[in-house]
Amino acid sequence: MDENLNQAEQKNERSKSRFTFELIAVLLLLVAISATLYRAWFSRYMADDYCLSARANASNLIDFVRANYQNWSGRFSCFISVWFFSKLRPAGFGAGLTSLFMLWVVALDTLIILLTEKFRISVSKRQALLIALVIILATIETSPSKFQSFLWRDGFIHHTFPIIWFTFALFVLFALSKHEAIPIYFRAVLIFLVVFFAGGFSEASSMSFVAFFAVAAGASLMYRKSTTLSGSDRILLLIALLASVFAFLVEYIAPGNMTRSGLLPARSQSLIATILLSLRNALFIAGKYVVYSPGYAILAVGAGFLLLPCGVVQPDSGRKIFTIFIGLAASLAVLLLTIVFPVAVLMQAYPEPRAISLPNYYITIVLICFGALLKRYLSLRHAGQRTVIRERLTTAVRIGLLILTVALTISVVSQFAKDYPALKDYAARWDDRQTRIIDARAAGITKVTVPGLESRDLVADIGDDPDDWVNACMAAYYGMEKITGR
């Protein structure tokens, strides 16, 4: 009787300890993510933002998308998004970004819950939220250019918004899979539309989505007897694959691509050289994640280790664990290669820093899965050891991960506190310049000279040449004839 009571008390203590750890970790991660989001409230238009907003404000949605598709690029989802973003004030980007990130957290959190239910993995709602926050924070902080990927409107729309839409597409797919009563044709049409839009932001993200759904659909068919996916789930995955392929083709055949490709220097190299360059770039992206951001790599692995138990399909041998590990690594390699291959073909170069957010999103998720596999492997290898030893190991990992989370949050928040005066000053000077331009236009003045501001992470501001493209785009946005920087 006393022994049973003692065991119950110990179990209750472990439960309280786990709850406290998860609650503190969630709060810390939210603070760290909020520090980046608050930066966006000081972001304003720069460079391409003026060009696209000027044309968006002068056109309806259909004409704007059609003109850009025919004369500039096939990235139809970008132009649709730009048109709607242009309806916000330049100072409203922070509110828009914050709203989208809140939706991202909800979609990713719900997706994790749906996936764990689908594969019968026991994860609480709090643990799912914690995993979602780890993925989002790591994606932000491992980006080589946080400003261009998240805080500059044009860069965000091209390179980070597709990640949010991709997450939302997966959420819709698995949410609909729970509702077998809904006609399959209705679910198929909805999935097709959502995935099609997600695939229209860039050629690289589109190709990676094709690869993702091809791998997922292939695996679901190959292992249909040993998974919990239903027949309708496989149909929806195939529909998603078809939508991603169609989105890529729509981008690829756009007449405007000839305009953009004409601006690139003429280069050529053999297919073998292109493949080798792509392999090198993919390895560099994965290597830089681990070497330059070891704290976030450890955080991702640790989150998987602590929060993701293996479910009904758990591997029961070291060989099966190794097989799954190789499968995940190979899938990640395919996803990274599809992202870097278009750049290797068109520019024979390494991807721009702002384009690394999507591969880092994939890497973070795979590292979390590696953490879960590591835990399963250790539990199999040391199955004969006493429960108290395993509990002590888990407690040690939990404490270490909490210390790491505190350190990472302090680093992010302290850097924001250091940058805050400059961010506030930049926004004030930008707003003051806009007021001068608007007042001059109201007075009938069509040519003005205003202060130029510093470039931010290689994104240019106006210069002293009124015919420079940035100056010309700013003039078009404000309805002026000439704007000169000084």
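All values below were derived from every heavy atom in this structure, side-chain atoms included, with hydrogens, water molecules and symmetry-related copies excluded.
- The closest side-chain heavy-atom distance from V397 to F305 is below 4.5 Å.
- Between the side chains of S293 and T142, not a single donor N or O lies within less than 3.5 Å of an accepting N or O.
- I285 contributes atom CD1, which lies 9.5 Å from atom CG of L358 (distance to the nearest 0.5 angstrom).
- Distance alone, capped at 3.5 Å, places no donor-acceptor pair between the D425 side chain and the P421 backbone.
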* After noting the C-alpha distance and the side-chain angles of Y477 and Y45, does the key distance pass the ring pair (Phe, Tyr, Trp, His ring centres under 6.0 Å) rule? -> CA-CA 10 Å; Y477 175 73; Y45 282 4; 5.3 Å; yes

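- Using the six-membered ring where Trp is involved, F196 and F76 have ring planes that are parallel, under 30° apart on the 30 and 60° scheme.
- Using cut-offs of 30° and 60° on the angle between ring planes, the pair F248 and Y252 is parallel.
- In this structure, D461 CG and Y50 OH are separated by 6.0 Å, a value rounded to the nearest 0.5 Å.
- By the 6.0 Å contact criterion, NZ on K424 is open, its count of non-hydrogen atoms from other residues, nucleotides or ligands being 12 or less.
- Between F325 and F322, the ring-plane angle classifies as parallel under the 30° and 60° cut-offs.
- Just one of D109, L30, T405 meets the side chain to side chain contact (heavy atoms under 4.5 Å, CB included) condition when paired with L133; it is L30.
- Seen from the ring of F284, R280 counts as a face-on cation partner, given the 6.0 Å and 45° thresholds.
- Rounding to the nearest 0.5 angstrom, the gap separating the CD1 atom in I363 from the OG1 atom in T139 is 9.5 Å.
- A donor-acceptor contact closer than 3.5 angstrom is absent between the side chains of W165 and S77.
- Using a 30° and 60° split on the angle between ring planes, F166 and F209 fall in the parallel class, below 30°.
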Evaluation steps, side-chain contact (heavy atoms from CB on, under 4.5 Å), between L52 and R153: CA-CA 11 Å; L52 292 168; R153 195 194 74 177; 4.2 Å; yes

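- Residues A35 and V412 come closest through the heavy atom pair CB-CG1, 3.9 Å.
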Starting from the C-alpha separation in whole Å, work towards a yes-or-no answer on side chain to side chain donor-acceptor pair (under 3.5 Å) for T98 and W41. CA-CA 9 Å; T98 301; W41 291 76; 3.2 Å; yes

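- In terms of heavy-atom proximity, A300 sits nearest to V134 at CA-CG1, 4.2 Å.
- Atom OH of Y426 sits about 8.5 Å away from atom OG of S43, to the nearest 0.5 Å.
- Side-chain contact between L190 and L176: present, with at least one pair of heavy atoms (C-beta onward) separated by less than 4.5 Å.
- Inter-residue side-chain proximity for L108 and F168 is flagged as unmet; no heavy-atom pair is nearer than 4.5 Å.
- Contact check for V470 versus M46: no side-chain heavy atoms found under the 4.5 Å cut-off.
- For D464, the CG atom sits in a loose shell: 12 or fewer heavy atoms of surrounding residues, nucleotides or ligands are nearer than 6.0 Å.
- In this structure, K146 pairs ionically with E141, as a charged nitrogen and a carboxylate oxygen lie closer than 4.0 Å.
- Contact annotation: the side chain of N68 approaches that of W72 to within less than 4.5 Å [non-hydrogen atoms, C-beta and beyond].
- For the atom pair CG (L29) and CD1 (I136), the distance works out to 10.0 Å, reported to the nearest 0.5 Å.
- When atom types are taken as modelled, the side chain of S411 and the backbone of A407 share no donor-acceptor pair closer than 3.5 angstrom.
- Nearest heavy-atom pair across H159 and R354 is CB-O, 3.3 Å.
- Taking the six-membered ring where tryptophan is involved, the planes of F156 and F161 are essentially parallel, since the angle between them stays under 30° and well short of 60°.
- The aromatic rings of Y38 and Y420 lie parallel to each other, with less than 30° between the two planes, well short of the 60° mark.
- Side chains of F212 and L170 form a contact here, defined as non-hydrogen atoms less than 4.5 Å apart.
- The shortest heavy-atom contact between E251 and G74 is CG-O, 3.3 Å.
- Here the side chain of N360 pairs no donor or acceptor atom with the backbone of S357 at under 3.5 angstrom.
- Taken to the nearest 0.5 Å, the OH atom of Y362 stands 8.0 Å off from the CD1 atom of I365.
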Requested in this report: Run the numbers on T364 and Y296 for side-chain contact (heavy atoms from CB on, under 4.5 Å), then give the verdict.
Outcome: CA-CA 8 Å; T364 302; Y296 290 99; over 6 Å; no

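- A donor-acceptor contact shorter than 3.5 Å links the side chain of N471 to the backbone of G463.
- Remark: side-chain polar atoms of S202 are paired, donor with acceptor, to backbone N or O of S205 under 3.5 angstrom.
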Begin from the C-alpha positions of V123 and I113 and carry the test side-chain contact (heavy atoms from CB on, under 4.5 Å) through to its verdict.
CA-CA 7 Å; V123 172; I113 293 173; over 6 Å; no

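- Between Y289 and L367, some side-chain heavy-atom pair lies under the 4.5 Å cut-off.
- Remark: the backbone N or O of A460 is not paired with any side-chain donor or acceptor of S455 at under 3.5 angstrom.
- With L336 as reference, L332 is the one residue of L332, T338, V340 to meet the side chain to side chain contact (heavy atoms under 4.5 Å, CB included) rule.
- One N or O on the side chain of Q148 and one on the backbone of D457 form a donor-acceptor pair closer than 3.5 Å.
- Of all heavy-atom pairs between G295 and L404, the closest is O-CD2, 3.4 Å.
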Test log, rule side chain to side chain donor-acceptor pair (under 3.5 Å), inputs S143 and S149:
CA-CA 7 Å; S143 175; S149 296; 3.2 Å; yes

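- The backbone N or O of A217 lies less than 3.5 Å from a partner atom in the side chain of S220, making a donor-acceptor pair.
- Of all heavy-atom pairs between L241 and V210, the closest is CD1-O, 3.5 Å.
- Atom CD1 of I62 sits in a sparse spot, with 12 or fewer heavy atoms from other residues, nucleotides or ligands closer than 6.0 Å.
- In this structure, the side chain of W152 does not engage the main chain of V459 through any donor-acceptor pair within 3.5 Å.
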- Given the rule in the side-chain contact (heavy atoms from CB on, under 4.5 Å) test, do Y377 and L373 qualify, once you have shown the distances and angles that lead to the verdict? CA-CA 6 Å; Y377 173 76; L373 289 176; over 6 Å; no

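- For the pair S206 (side chain) and G200 (backbone), a donor-acceptor distance under 3.5 Å is absent.
- In this structure, K288 satisfies the cation-pi test against Y350, with its NZ or CZ atom closer than 6.0 Å to the six-membered ring centre and inside 45 degrees of the ring normal.
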